[in-house]
Asker: 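I am attaching a structure below and will ask some questions about it afterwards.
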2 protein chains.
Amino acid sequence: MGRVRNRWGEGERLRGEILAGASRLLSELGGGDGLTIRGVARAVGIAPASIYQHFVDREALLRGLSEHEFGRLREVMRVAEEGAGDAVGRLRAQVHAYCAFAVENPGHYRLMVGHGAVRSGAGSAPVGPLMDVVAGLRVGFERCAEEGRASRVPAERAAVMLFVGAHGRVALLHSNPGETRPEAVGSFVDELVDLLLV
Amino acid sequence: MGRVRNRWGEGERLRGEILAGASRLLSELGGGDGLTIRGVARAVGIAPASIYQHFVDREALLRGLSEHEFGRLREVMRVAEEGAGDAVGRLRAQVHAYCAFAVENPGHYRLMVGHGAVRSGAGSAPVGPLMDVVAGLRVGFERCAEEGRASRVPAERAAVMLFVGAHGRVALLHSNPGETRPEAVGSFVDELVDLLLV
DNA sequence: CAAGTACCCGAACGAACGTTTGGTAACTGT
DNA sequence: ACAGTTACCAAACGTTCGTTCGGGTACTTG
């Protein structure tokens, strides 16, 4: 092993390398199911046992990885939205960024949606990272309404429909690679936005 | 084992029992990933080796099971459609039957959509069992148009949108059980139909 | 320089898996 | 009765997995 050992306060650095290695593996594998402790250890170049210094078990690694990637997704969507012009453009930018992330990172996406992305919150209302995405879309629809382009259904429902549509389209592409060109996802969500806005 | 051996011409009977056992297992497991040769053998009450008389390997078993279940889905959708009245009712009945099947059979559904349900056909047009479902929905929209309730987008696109929406909603319910009540799927697709029809 | 400690690993355990091999028992046609 | 065929299985092989245990190595501190 050409690996250099971390210094005293830098034990946390291996944690980052483990997450990065797992992330790399996730790009090659289809999803979290194929992600093994031993595989991650091989990818990072460490012993399987070393992973247990930073994650108590496989589930904890998957949870940590999911949270890590949700951070990336939020950032990508935020940047995309800021770069757009009017309200409709910002809404489109949000959902396009979401789809692009999902299309380019099938393994990450599958892990994220399948791993506690939506929990049952207070009053049985769903909460979680994915619901934050829906909330962002709802704000987008509300801004559109203020600029004169109302949605055919209440903003909340429009946001859910757009999100569910995007998720469904992406999921179909992932489970049937080669079914269509990835760009078809973008035009699908564009159609959906057109349908939702009056 | 109290298992009685099949008679001469009845070797094919075990094939059916294997598929039935695998189907039962699929209801308990989340999807095809957890379906093992040994597990199926245990469920049916036979030796693992006996499965290889009817399926050359694990992949073949999964393929056979997927085809078997697509037959069931088609039948359920056909019956539901026949029992409905006007064109809109028949369209709704189709998609409701689809969702009900998916909600009640999470394991089967995941296996079906993830296992060659859409293949690249001639001219890069997607074909496969799932596309048959879309075709059925398109006919439904066309019938609605003939009865005076046209869709806001061409029937082909409306069918795709409805299908993708239903798939997305079901997939979300499956990856996050307890997120909402299963009945929410039905009302979601109803909303979607209302949005699509003028 | 000695003690302490943060960091990491080699080796092993037990369990599960897909698949192959070499059968045995039951039944049928002659 | 006997050969041939069908239907099924016990046992094993080799692999991979998650996880644990008992250290060892190199750095910091006193």
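Quantities reported herein were computed from a predicted structural model and do not represent experimental measurements. Note on naming: letters A, B, ... go to the chains in the order of the sequence lines (proteins, then strands), and numbering restarts at 1 for each one.
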Asker: For residues B/Thr36 and B/Arg42, is any side-chain donor paired with an opposing acceptor at under 3.5 Å?
Answerer: no
Asker: Between A/Arg42 and D/dC17, is there a contact of a side-chain N or O with OP1 or OP2 at under 4.0 Å?
Answerer: yes
Asker: Could you list the protein-to-nucleotides 19-23 of chain D atom pairs, N/O on both sides, closer than 3.5 Å?
Answerer:
{"unit_1": "D/dT19", "atom_1": "OP2", "unit_2": "A/Tyr52", "atom_2": "OH", "d": "2.9"}
{"unit_1": "D/dT19", "atom_1": "OP2", "unit_2": "A/Arg58", "atom_2": "N", "d": "3.0"}
{"unit_1": "D/dT19", "atom_1": "O5'", "unit_2": "A/Tyr52", "atom_2": "OH", "d": "3.3"}

Asker: In whole angstrom, what separates B/His54's NE2 from D/dT6's C1'?
Answerer: 11 Å
Asker: With sequence neighbours left out, what residues match B/Arg157 under side-chain contact (heavy atoms from CB on, under 4.5 Å)?
Answerer: A/Phe188, A/Glu191, B/Val153, B/Pro154, B/Val160
Asker: Which whole-number value in Å describes the distance from B/Phe55 CZ to C/dG18 C1'?
Answerer: 16 Å
Asker: Would you mind reading off the distance between A/Leu61 atom CG and D/dC17 atom C1', rounded to a whole angstrom?
Answerer: 14 Å
Asker: Please give, in whole Å, the distance from C/dG18 P to B/Ile51 CD1?
Answerer: 9 Å
Asker: Mind checking whether A/Phe163 and A/Tyr98 have parallel, tilted or perpendicular rings, split at 30° and 60°?
Answerer: perpendicular
Asker: Contact class for A/Thr36 (heavy atom, under 4.0 Å): base, sugar-phosphate, or nothing?
Answerer: sugar-phosphate
Asker: Going by side-chain contact (heavy atoms from CB on, under 4.5 Å), name the residues that satisfy it together with B/Ala159, two or more places apart in sequence or in a different chain.
Answerer: B/Val134, B/Leu137, B/Arg138, B/Phe141
Asker: Rounded to whole angstrom units, what separation is found between the CG atom of B/Asp33 and the C1' atom of C/dA16?
Answerer: 16 Å
Asker: Rounded to the Å, how far apart are A/Arg15 CZ and C/dA6 C1'?
Answerer: 17 Å
Asker: Return the 5'-most residue of the pair A/Leu35, B/Ser50 with respect to DNA chain D, ranking by each residue's nearest nucleotide.
Answerer: B/Ser50
Asker: To the nearest 0.5 Å, how far apart are CZ in A/Arg143 and CD in A/Glu81?
Answerer: 4.5 Å
Asker: Specify whether A/Phe101 and A/His108 have parallel, tilted or perpendicular ring planes, treating 30° as the upper limit for parallel and 60° as the lower limit for perpendicular.
Answerer: perpendicular
